[in-house]
Structures are given as structure tokens and as C-alpha cells.
Amino acid sequence: MIRERIQPDIRAKSNYLASFRFINIDFGKKPPQIKSWKTHADPEKKQIMLDLDISYNADIKVDAGFTEKTPIAGIKSIKLEGILRVILAPLMEDSPIFGALTVYFPHRPVLELQWTGFAHLLNIPGLQTLSEKELMNQIGQIIVAPQHFSHPLAARFDLAKLQFLEPRNALRIRVIEAKNLVAKEILTKSSNPYVVICGGGTTAKTRVIHKNLNPKWNETFEILYSDLPDQEIEFNLISDKGVKINQQLGSCRIRIKEVPERGFIDKWIDLENVKSGQLHIKVTRLRLLSDPTQLEEVLKVNEQSRPKRENEIASAVLYTYIEKGRGLPVIQVKKDNLKALAVVQVGVEDNVKKIGSRINNGEAEWKKRFQFLIRNPLNEELKLKVHNEHNKPIGSITVRLSRLLAASEMTLQDWLPLESTEQNSEIRVKLQLRILTPDVGAPSPQGKTKAQYIKPRTKVKKH
């Protein structure tokens, strides 16, 4: 799986990583230990969940480099501790009873890696600015919800039927203000706070407000999330130090299930791990509609409720499935056993994402899903570009999103020809548009509500 799935994506990140490869992969024979477990049954969703408290501490050998025989960095041991969730779903009448097995970590586990050649790793262009802590954070995000791994148990079960495969739910988060923050600037007795919001695999942040312990942001963000159980939204408050290392001002979190099914929450939350500080947020559930006639009213309401100097509020979501390609030119790398790579770069406006897949006989298979928050589908377009690992163009596709408004169920699924190609190359895609609107009973983004005060979670001391 590492060479088939992870290696092509790493190679697609940059021209400098085009020859990257895993040379040795050996996780040894020591299995993880299961210290305890809990079982949860959900008859309504036809699934069983197992929460396994695991501990994995072992010597391993994972070497990587740019040639087959010369590793530049690697991992020699791993320590992993946390709750691993296993979902068996859906329940079926015939053997093997469940259609698929899904595993993920609901919360970030303790992860420690012992590196070899770490300094060489950070000399790779594009990685120089990373610290070991930041690199570990990025690795940790790969294994934590909403990221997950699903494998079919039944021979003909289609994983696309899993309800948590795609983030088909949406929240609108308004970061309003904070108060009584701690002062990190000794001379001015103040801080330069901003908020980093993490949830649903998305990270966003507010602007920095300088020299203020009671900042008011009034900024709006949208996140998409799947039906994986027990997901959270985390808010980290940070004081900007310019070129120096930023300082923590505390953090807090809410569980997504705290937001009512048809409504919103408006809270003051105490910050954790600091002497003082509170954050005021408002979180609203959004509906995803397949009715294009709703767009005009949504755009009107969003414009009226948007504060001055704030970016436009999202009015829709574009679901993109890049399935496979055919007729692609195979440009084999000379003196190298690596397969030729087809890199897909897909984006809307300045939100661009990249994936890679090996080409075999002119065919490539990505099977990758992306989601884009759309401000106004009437004047935005999806741009898809395909190139090889050395950034040589293979072709491109442009689709105006207004085209989806006129399509049945606002969905387009077809083979699309690549432009600017010397041969008949095509990409099979599925594009689906959904209109975002607050659920019944929820306020507009600027609606005034009475905030509820929430204390941070406290740990019960054991006697």
C-alpha cells in the first residue's frame, strides 16, 4: 500500500521529489498490543464499532531516497499509542455478514519516530522550512479522522456505498471574539492573537489582530465533514511573533454532534492549558440542496449578511471524483525503474490539489475525491491539468460550474477529452454541485443570539 498509494502522491508534490522512492519497508514481526476494547452497536446504521486501545512499540526499517541503492533518510523505530476505531458495516444477510472494514483514529494518537538521516530529509527543497515537530504533525494528520482506510470484506461490495466515504455534511463556523487572553509580549503586556480552526480534514485561520487581549474577528468559515463518528472541531489561539516562533494562547474544541441537527450553537468556551482566556464562537448546520433555483436567494442572503472587508461566504460545494484516464502518453524515465507518473492538478480559483498515479500502457487510475467550497457557481470554473512527474504537460480540461446548474441533479459524469494533447487522451470524472443553506431554525451568519457559556472539560482525579 505504501508504494502503490503513498509513493505516487509524494512524487507528485514537487519536481524535486519526482524520483522519490521507498527503498526498504520492513515493520518487523512484533504485532501491536491491544490493552482494552469497547464494542458499540448501531442498528439504525447497520454497523458495529470496536474501539481498541492499542500500543505499538517496535523496531522497524523504512528507508527512502532518490535511487534504488542509496537511502538518504529513514525510520528505525516507532511508538504508537491511542484508540483505534474499527467499523464493520454495513450489516449483510449473507456471509461474511459485513460488507467492509474501516479503521481510523478518532483522535490524534501518541506518535514517536526515531529517524535516521533526518537532517538530509530536511535538505530536500520544499521541506527546509519544516521542523521535526511540524513534520510529525503532518504525518499525524494522515491517520486521524476524517482520514480512514476501508477494505471490502464481501467480494463484490462497492466501497462507494459507505455512508462516511465523502463529507456530505457542512457547518458554518463564525469566530466572533476572545477575551482575557494571556499577554505574551513582555514589553507591551499584550499579544498578537489569531485563531487556527481544524476540523473535517480542513485547516483555516483568522487574521492577526495586533496588541490586543480582547480581539474581535467576526470571521466566517465553512467546513465539510463525513459521518465518521466522534469528530471534533479544534480551535487553537496563537500569538503571532513575526519571524520568531509563535506562542500558544490556549485551545478549545467542540464535538460536531453537539451542534443540533436543525439549528446552531452559540458559545463562550474557556481555553485550556492557559491561565485565562475565552473564545466566542457560533456554529450552524448547513443543508446541501440539489435544487439550482435556491442559488439566487442563497447568494442574496450571503451578501447581505457578510461583514465589510470579509471574503464572500460559500454558497455551494463542488464534489469532484477523478476516476481514471486513458490514451495518456507514456514518458518513461531514462535509466530508472520507476513507472511513468501522471499527475493531476485540479482546482477552483486559488484552491488547487494534486495527486499522482502510475501510467500503465497509457492508462492511469486515481480514484480520488476532492471537495471545493464555492463562492459563486455562476462565475467560477474547475481547471484540471495533467502532467508527468517532471512537469511536462499532457493536457488540460476546463469546466464552467454554471454548466452543472443546468445538468440533471446538478451532476456530470463522463469521459472528458484533454485539450492540447497530441493523442486522444481522456479523463473520466464525476462532478456534482450542491447548494449550501442554513438549516431550518438557524440564524443568518450575522444573526444575533444569546451566547451560552461553556466551561472546559475537566479531568476527574482518581483517589
Side-chain angles (χ1 to χ4, degrees), residues 1-34 52 54-82 84-86 100-105 108-127 130 132-145 147-152 159 332-333 335-343 354-360 364-368 388-389:
M1 185 183 75
I2 292 178
R3 286 194 177 100
E4 291 292 327
R5 297 188 181 186
I6 298 177
Q7 182 173 292
D9 283 344
I10 294 176
R11 292 177 61 200
K13 294 292 184 184
S14 164
N15 292 344
Y16 300 106
L17 298 172
S19 299
F20 177 90
R21 71 201 70 198
F22 289 99
I23 301 170
N24 299 304
I25 302 175
D26 183 2
F27 284 93
K29 297 181 180 179
K30 184 178 180 181
Q33 292 182 331
I34 300 176
L52 309 178
I54 68 167
S55 175
Y56 182 51
N57 196 341
D59 294 329
I60 64 175
K61 184 177 178 62
V62 178
D63 295 323
F66 293 95
T67 62
E68 287 186 351
K69 298 181 180 180
T70 309
I72 63 167
I75 303 172
K76 62 181 181 180
S77 69
I78 182 174
K79 179 181 179 182
L80 179 66
E81 295 181 347
L84 178 68
R85 174 160 291 169
V86 179
L101 175 146
T102 297
V103 295
Y104 68 99
F105 287 93
R108 182 170 297 185
V110 174
L111 175 63
E112 296 178 7
L113 302 176
Q114 292 293 322
W115 298 87
T116 59
F118 187 78
H120 296 295
L121 186 67
L122 295 187
N123 283 332
I124 299 174
L127 299 182
L130 289 178
E132 182 174 359
K133 181 179 179 180
E134 290 169 331
L135 184 60
M136 292 294 290
N137 284 337
Q138 292 195 13
I139 294 173
Q141 290 175 359
I142 296 174
I143 60 177
V144 179
Q147 306 299 327
H148 63 278
F149 172 76
S150 295
H151 182 74
L159 291 178
Q332 185 61 46
V333 181
K335 298 181 181 180
D336 202 326
N337 290 328
L338 287 175
K339 292 283 187 179
L341 197 69
V343 180
K354 296 170 68 174
I355 50 169
S357 177
R358 295 187 300 180
I359 303 178
N360 294 310
E365 191 173 82
W366 297 278
K367 290 188 175 181
K368 190 70 173 181
N388 73 352
E389 61 268 43

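The model shown is predicted, which means the values in this text are computed figures rather than measured ones.
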For atom NZ of K368, is the number of surrounding heavy atoms from other residues, nucleotides or ligands below 6.0 Å larger than 12? no
Let me confirm one number: the OG-CD distance from S19 to E389, rounded to the nearest 0.5 Å. 7.5 Å
Heavy-atom pair of closest approach, residues Y104 and H148: CB-CB, 3.7 Å
For Y16 and F66 the tightest heavy-atom approach is O-CE2, 3.3 Å
Beyond-backbone contact of S77 with I60, side-chain heavy atoms, under 4.5 angstrom: no
Kindly say whether G82 contributes a backbone atom to a donor-acceptor pair with the side chain of R108 at under 3.5 angstrom? no
Which residues pass the side-chain contact (heavy atoms from CB on, under 4.5 Å) test with T67, not counting sequence neighbours? T70
Got a donor-acceptor contact below 3.5 angstrom from the K30 side chain to the N57 backbone? yes
Looking at CZ of F105 and CG of L84, how far apart are the two atoms once the value is rounded to the nearest 0.5 Å? 4.5 Å
Heavy-atom donor-acceptor pair, R21 side chain to Q7 backbone, under 3.5 Å: no
Is any side-chain heavy atom of Y56 less than 4.5 Å from a side-chain heavy atom of F27? yes
Just by distance, do the side chain of T116 and the backbone of G74 share a donor-acceptor pair under 3.5 Å? yes
Indicate yes or no: at least one non-hydrogen side-chain atom of L341 is less than 4.5 angstrom from one of N388. no
When every non-hydrogen atom of P8 is compared with those of G356, the smallest separation belongs to CB-O, 3.5 Å
Would you say the side chain of Q114 lies within less than 4.5 Å of the side chain of I75, judging by non-hydrogen atoms? no
Would you check, one step at a time, whether the test salt bridge (charged side-chain N to carboxylate O under 4.0 Å, His left out) holds for K61 with D63? CA-CA 6 Å; K61 184 177 178 62; D63 295 323; 3.0 Å; yes
Testing the basics here: between A364 and S357, what is the closest heavy-atom pair and its distance to 0.1 Å? CB-OG, 4.1 Å
Closer than 3.5 angstrom, by distance alone: can the side chain of K354 be matched with the main-chain N or O of A12 as a donor-acceptor pair? yes
Taking the side chain as every heavy atom from C-beta outward, state whether L101 and F149 have any pair of such atoms under 4.5 Å apart. no
Would you please test D9 and I355 for side chain to side chain contact (heavy atoms under 4.5 Å, CB included) and show each step? CA-CA 5 Å; D9 283 344; I355 50 169; 4.0 Å; yes
Validation row: V86, L52 side chains within 4.5 angstrom (heavy atoms): yes
So which atom in V144 and which in P109 form the shortest heavy-atom distance, rounded to 0.1 Å? CG2-CD, 3.8 Å
Rounded to the nearest 0.5 Å, how far apart are CD1 of I25 and CZ of R3? 4.0 Å
Nearest-0.5 Å distance that lies between atom OG in S55 and atom CD in E81: 4.0 Å
Just how far is it from atom CZ of R11 to atom CD1 of I6, taken to the nearest 0.5 Å? 14.5 Å
Look at the side chain of W115 and the backbone N and O of K76, then say whether any donor-acceptor pair between them is shorter than 3.5 Å. no
